[in-house]
Amino acid sequence: MAELPDHTHYAYRVLWSAEDAEFVGLCAELPSLSWLAATQEEAIVGIRDLVLDTVADLAESGEPVPQPLAERKYSGKFMVRVSAELHARLVREAAEMNVSLNQLAGQRLAAS
């Protein structure tokens, strides 16, 4: 059996839920899970425990276990589809700035 990811390496966050009037703990790699609690500390402990149980259940049933985002390898490449009009406008802007379209897109993404 493959070694399970360390559940503490997943990307967690805690938000206030006005609808529930409680804090909600979330895990980016397992977006269907959440944990409601009265305090931020209880919410993070709750979601981490839930993720630990869920990862064990997934592995036991032979289902894929998500790798933590922080442990994934990234190529630096991804494709974005845009309208023909936006593509043309961006090409013009890149030419006017004397940079490649790729450089312009990277600059815009980094600035957001």
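Sequence positions, counted from 1, serve as the residue numbers for this chain.
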Taking distance alone, no hydrogens or angles, what donor-acceptor pairs closer than 3.5 Å link side-chain atoms of residues 62-71 to residues at least two apart or in another chain?
{"from": "Glu63", "atom 1": "OE2", "to": "Ser61", "atom 2": "OG", "distance (Å)": "3.0"}
{"from": "Gln67", "atom 1": "NE2", "to": "Glu71", "atom 2": "O", "distance (Å)": "3.2"}
{"from": "Glu71", "atom 1": "OE2", "to": "His9", "atom 2": "ND1", "distance (Å)": "2.3"}

Tell me which pairs pass ring-ring contact (aromatic ring centres under 6.0 Å, His included) where either residue lies in residues 66-99, with sequence neighbours left out. none
Distance-minimising heavy-atom pair for Trp35 and Ile47: CB-N, 3.6 Å
Side-chain donor-acceptor pairs under 3.5 Å in residues 102-111, sequence neighbours left out?
{"from": "Gln103", "atom 1": "OE1", "to": "Ser100", "atom 2": "N", "distance (Å)": "2.8"}
{"from": "Gln103", "atom 1": "OE1", "to": "Ser100", "atom 2": "OG", "distance (Å)": "3.4"}
{"from": "Arg108", "atom 1": "NH1", "to": "Glu93", "atom 2": "OE1", "distance (Å)": "3.4"}
{"from": "Arg108", "atom 1": "NH2", "to": "Glu93", "atom 2": "OE1", "distance (Å)": "2.4"}

With sequence neighbours excluded, tell me which residues meet side-chain contact (heavy atoms from CB on, under 4.5 Å) with [X].
X: Ser83; result: Glu85, Leu86
X: Glu42; result: Ala37, Ala38, Thr39
X: Thr8; result: Asp6, Arg48

Holding to ring-ring contact (aromatic ring centres under 6.0 Å, His included), I want the full list of residues that pass it with Phe23, two or more places apart in sequence or in another chain. Trp16
Would you say Asp57 and Thr54 make side-chain contact, with heavy atoms under 4.5 Å? no
To the nearest 0.5 angstrom, please state how far the SG atom of Cys27 sits from the OH atom of Tyr12. 5.0 Å
Interatomic distance, CG@Leu58 vs CG@Leu30, rounded to 0.5 Å, equals 7.0 Å
Taking a hydrophobic cluster as the set of Ile, Leu, Val, Met, Phe, Trp and Tyr residues connected by side-chain heavy atoms closer than 4.5 Å, whether directly or through intermediates, do Val45 and Leu52 fall within one such cluster? no
Per the salt bridge (charged side-chain N to carboxylate O under 4.0 Å, His left out) rule, what does the pair list look like for residues 26-35, sequence neighbours excluded? none
Quick one: which residue pairs count as a salt bridge (charged side-chain N to carboxylate O under 4.0 Å, His left out) with a foot in residues 15-24, not counting sequence neighbours? none
Members sharing Leu15's hydrophobic cluster (side chains within less than 4.5 Å): Val24, Leu26, Leu36
